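Here the structure is a predicted model, which means the values were calculated and not measured.
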Amino acid sequence: MFLEPYLLTGPLRIILLFVLILLIHRIVSTRISAQSALNFLVPTIALVMAAVLLGGFILILTGIFDIFVIISIIIGLAVLAFMNLNFKQPLKAQLRKIYTRSLLYITIKMEKGQRFLDRDNIIKPKRKHSEHGLSQYHRNWQLAIGLLLPVLTYISRSSLFQEDVYTLSSSWFSKLNFINGISANTWFFQTGEMMGDYLLINLYAKLTHITNAQALQSFGLLESALLSLIIYWLVFKISRKQAPGIFAGLSFALFYGFLPINIDLIAEHKSVFTALIIALPTMYFCIYPQSFSYSKKAKFYWLITLFSAILLLDLFVGVLLLLPYLLVLFIFKLKDNLKQITQVLLAYFFSLAFIGTIYGIAALLIKEDFGAFILSNFYSFDTYTYNPHLVAPFRDLMDYYQIAAVVFLLIAIYNYFKKSHKWLASLVFLSFINLMFGIYQLDTGLVDLDILSQVLCIFLPIFFGIILNVMVNLFSIFNFSPKVGIRLEVIIGSIVITVLTIFTFPGVATLNFKENKTENVVFKAYSKIQSQNLPYSYAVVNALPYFSFSRNSHYYYNYDYFNNTYIELDRRFNRYKNNFEYLQNNPDIILPETMYVFVYKDIQEANQAKKAIVEKQRNLTLERLELLKMKGRNVDVYYEDKNLEVYQIENRERASNINELLF
């Protein structure tokens, strides 16, 4: 079935939660941002993600990372925003005024029989902002694209899921353990991992009430969908045109033949991608800090928050990507905006020192090799580049990209000398992209090319969009009217995108998941079990690799325990289950209220000797289940698929299922 529920539930819930937070923010705020559409949404997403990540990191350091604490903080911030306190003045008088005003408001509303929330609570005065607002034309386009582009990207990525070799692999289970460990405040010195992305996935699971496994599985799709939107917004801001932005966003969503995307790892979430969700808007803010609708002091603090969040997500992006970018930007800002770029660099180095100091102290306390850990984050351990779907070998494509990058950089330099403000962002990004292309071509070993390939998956669509903007500018010499020019852009762009998509989109893509894929079945079964039962009121019998599903959720037993030990424990438990004194003295015989036993029908194992052992183990498990039935135990098929059966053993009735306990 196309788009399994476990791939849709989390993203839909997080979108609704985000909309709810924006609505609450609008109600409690005295003024709202003058920015609209994506000019408001994209910076808000970057700032909220950065603040949440840094706040979550601090909660883990203090050992109080918990959903209740997080919700309490959110409510507290909403109350403070509603109260609009001025901390430079006496608080007692302000609180008395708020109390009196609230009582009068409630009394008047009740006497008039009016609603407590009406139009006046939504329509608020706007803050002043130096940037010109979007025209209605651009606002409508942005709203339409903001809805359709992420959906298209989500569908495009999920259509390739049947090629996935990542889900339920050893790497997948390792990352699931990292996510589970966040709940136990486990953070520091996981080789090659900064852990920031796992904090976000853990929090994503908590806020949307899905399992950590479901969150891990859908987060890769969610980050790609969000990146397509941010790529579009960034190129639109650089070019001030819709067509280049749309082309860039669609390039990331559809042009697999030109990007080094591993389609067999399409389900894998990537810390590089998560970091770039925050980094791309930050890179634009560094060029134009005035696009922040905050005071100079607040901008500095927000830049520290953004840079710190990026460093917590991925050191490759935070150091090997951002630092060269800021140095390139420094060259262009040195003459006219030295004070501005100095503030940006100070914020970056302060963030670097802040995160480095915390990790350095942690390394001293637990006696870890700090240098080795830092180096491990600059190289990949489980990422590889394999792109047989490309229209040409990627090395050959990089030659063409490098030539095009140099040519269009020269054109951008020429345009910059004519209109410096208009072409500054294009020139900065083209210079930086040329630098990345050059590093990839040199292949000196100083930079991990597999991670750099992931970065290029994002920057190549940006490159395509900027190229299109330069080309559109060249055609402006023909003096087309604005309407004719827009029509030509739309028609030509639509033809190019359609043709390239038809001829280069992977032929293995399909809008139907394979019903017999093991991971789909396992996810469905675990989702049903975990959503219907109280945590740690039940146990699961499954193969050893699936142990990670059980952490912070339920008890886990392997087949050897079930086949060799469980029957004897069942005999003793059922003899004394009503003798509470005996159970207190012999707690080792107490069985979970409910047991779920996974029995796989289709054993996919190439090694015949190992396959024979697994089949023997499965047959023995079925014999044990039949024996329990003969003893009168409550044994039923709980979940059934053509490749899997899950049996439920009820040791105590109505003691595990949430609905049965409540009703």
J.: For M194 and Y359, run side-chain contact (heavy atoms from CB on, under 4.5 Å): C-alpha distance rounded to whole Å, both residues' side-chain angles, the deciding distance at 0.1 Å, then the answer.
T.: CA-CA 10 Å; M194 287 300 292; Y359 273 83; 3.5 Å; yes
J.: So do S527 and T211 actually touch side chain to side chain, heavy atoms under 4.5 Å?
T.: no
J.: Does any donor atom in the side chain of E268 or W172 lie under 3.5 Å from an acceptor atom in the other side chain?
T.: no
J.: Less than 3.5 Å apart, any donor N or O on the side chain of Q648 or Y596 sitting next to an acceptor on the other?
T.: yes
J.: Please determine, by modelled atom types, if D197 and H269 share a side-chain donor-acceptor pair under 3.5 angstrom.
T.: yes
J.: If only side-chain N and O atoms count, and only distance matters, is there a donor-acceptor pair under 3.5 Å linking Y256 with H389?
T.: no
J.: Over 60° means perpendicular and under 30° means parallel, so tell me whether Y561 and Y557 are parallel, tilted or perpendicular.
T.: parallel
J.: Could you check whether any side-chain N or O of D636 sits under 3.5 Å from a backbone N or O of Y638, counting only pairs where one atom can act as donor and the other as acceptor?
T.: no
J.: Donor-acceptor check, side chain of S72 to backbone of F68, threshold 3.5 angstrom: yes or no?
T.: yes
J.: Judged by atom type as modelled, is there a donor-acceptor pair below 3.5 Å linking the side chain of N262 to the main-chain atoms of D264?
T.: no
J.: Report the C-alpha distance between I230 and L276 in whole Å, list the side-chain angles of each, state the deciding distance to 0.1 Å, and finish with yes or no for side-chain contact (heavy atoms from CB on, under 4.5 Å).
T.: CA-CA 9 Å; I230 290 173; L276 284 169; over 6 Å; no
J.: So, S183 versus K206: side-chain donor-acceptor pair below 3.5 Å or not?
T.: yes
J.: Just by distance, do the side chain of S174 and the backbone of S170 share a donor-acceptor pair under 3.5 Å?
T.: no
J.: Which of these passes ring pair (Phe, Tyr, Trp, His ring centres under 6.0 Å) with F373: F188, Y379, F189?
T.: F189
J.: For residues F273 and C457, report the shortest heavy-atom separation together with the two atoms involved.
T.: CZ-CB, 4.1 Å
J.: Taking the side chain as every heavy atom from C-beta outward, state whether R618 and V599 have any pair of such atoms under 4.5 Å apart.
T.: yes
J.: Is it the case that more than 12 heavy atoms not belonging to Y536 sit under 6.0 Å from its OH atom?
T.: yes
J.: Taking the side chain as every heavy atom from C-beta outward, state whether L47 and T305 have any atom pair closer than 4.5 Å.
T.: no
J.: Could you state the interatomic distance from CD1 (I458) to CD1 (I261), rounded to the nearest 0.5 Å?
T.: 7.5 Å
J.: Distance only, no hydrogens: is a donor on one side chain within 3.5 Å (strictly under) of an acceptor on the other, for S271 and E193?
T.: no
J.: What I want to check is whether the side chains of N564 and Y559 have a donor and an acceptor closer together than 3.5 Å.
T.: no
J.: Among residues at least two apart in sequence or on other chains, which ones pass side-chain hydrogen bond (donor to acceptor under 3.5 Å, both in side chains) with S537?
T.: S656
J.: Taking atom CD1 of I64 and atom OG1 of T62, what is their separation to the nearest 0.5 Å?
T.: 3.5 Å
J.: Quick check: do N377 and F316 have side-chain heavy atoms less than 4.5 Å from each other?
T.: no
J.: Could you report the tightest heavy-atom contact between G196 and L53, atom names first, then the distance?
T.: O-CD1, 3.3 Å
J.: Would you indicate whether K528, at its atom NZ, is surrounded by more than 12 heavy atoms from other residues, nucleotides or ligands within a distance under 6.0 Å?
T.: yes
J.: Rounded to the nearest 0.5 Å, what's the gap from CG on N657 to CD1 on I529? Could you check?
T.: 11.5 Å
J.: Indicate yes or no for a side-chain donor-acceptor contact from E223 to the backbone of K270 under 3.5 Å, with no hydrogens or angles considered.
T.: yes
J.: Sort out for me which residue in F547, Y546, F178 forms a ring pair (Phe, Tyr, Trp, His ring centres under 6.0 Å) with F173.
T.: Y546
J.: If you compare all heavy atoms of S228 against all heavy atoms of T153, which two are closest, and at what distance to 0.1 Å?
T.: OG-OG1, 3.0 Å
J.: Counting distance only, does the side-chain N/O of D314 pair as donor-acceptor with the main-chain N or O of A275 below 3.5 Å?
T.: no
J.: Between the side chain of S376 and the main-chain N/O of G192, is any donor-acceptor distance below 3.5 Å?
T.: yes
J.: Under a plain distance cut-off of 3.5 Å, with no hydrogens placed, do N180 and N212 share a side-chain donor-acceptor pair?
T.: yes
J.: Within this structure, what is the OH-CG distance for the pair Y198 and N177, rounded to the nearest 0.5 Å?
T.: 10.5 Å
J.: Do the side chains of Y639 and K524 get nearer than 4.5 Å, heavy atoms only?
T.: yes
J.: Checking F57 now: which residues fulfil ring pair (Phe, Tyr, Trp, His ring centres under 6.0 Å) with it, not counting sequence neighbours?
T.: W187
J.: Does P11 reach the side chain of Y204, with side-chain heavy atoms less than 4.5 Å apart?
T.: yes
J.: Might you point out which heavy atoms bring L199 and G56 nearest each other, and give the distance in Å?
T.: CD1-C, 3.6 Å
J.: Locate the shortest heavy-atom distance separating V646 from A525; write the atom from each residue and the value.
T.: CG2-CB, 4.1 Å
J.: Do T594 and E650 meet the criterion of a side-chain donor-acceptor pair at a distance under 3.5 Å?
T.: no
J.: When rounded to the nearest 0.5 angstrom, what is the spacing between CG in L207 and CD1 in I14?
T.: 5.5 Å
J.: One pair to check against side-chain contact (heavy atoms from CB on, under 4.5 Å): L254 and L152. What are the steps and the verdict?
T.: CA-CA 9 Å; L254 302 172; L152 180 62; 4.2 Å; yes
J.: Taking the side chain as every heavy atom from C-beta outward, state whether Y166 and S171 have any atom pair closer than 4.5 Å.
T.: yes
J.: Is there a donor-acceptor pair closer than 3.5 Å between any side-chain N or O of Y556 and the backbone N or O of L544?
T.: yes
J.: Suppose the criterion is side chain to side chain donor-acceptor pair (under 3.5 Å): which pairs have a residue in residues 576-590, not counting sequence neighbours?
T.: R572-Y582
J.: Within 45 degrees of the axis of the six-membered ring of F252 and under 6.0 Å from its centre: does R157 put its NZ or CZ there?
T.: yes
J.: Between E653 and N634, does any side-chain donor sit less than 3.5 Å from a side-chain acceptor?
T.: yes
J.: Quick check: do R571 and R575 have side-chain heavy atoms less than 4.5 Å from each other?
T.: yes
J.: Return the CD1 to CG distance between I278 and L200, rounded to the nearest 0.5 Å.
T.: 7.0 Å
J.: Minimum heavy-atom separation for L569 to L591, with atom names?
T.: CB-CD2, 4.0 Å
J.: Is the shortest side-chain N to carboxylate O distance from E645 to K601 below 4.0 Å?
T.: yes
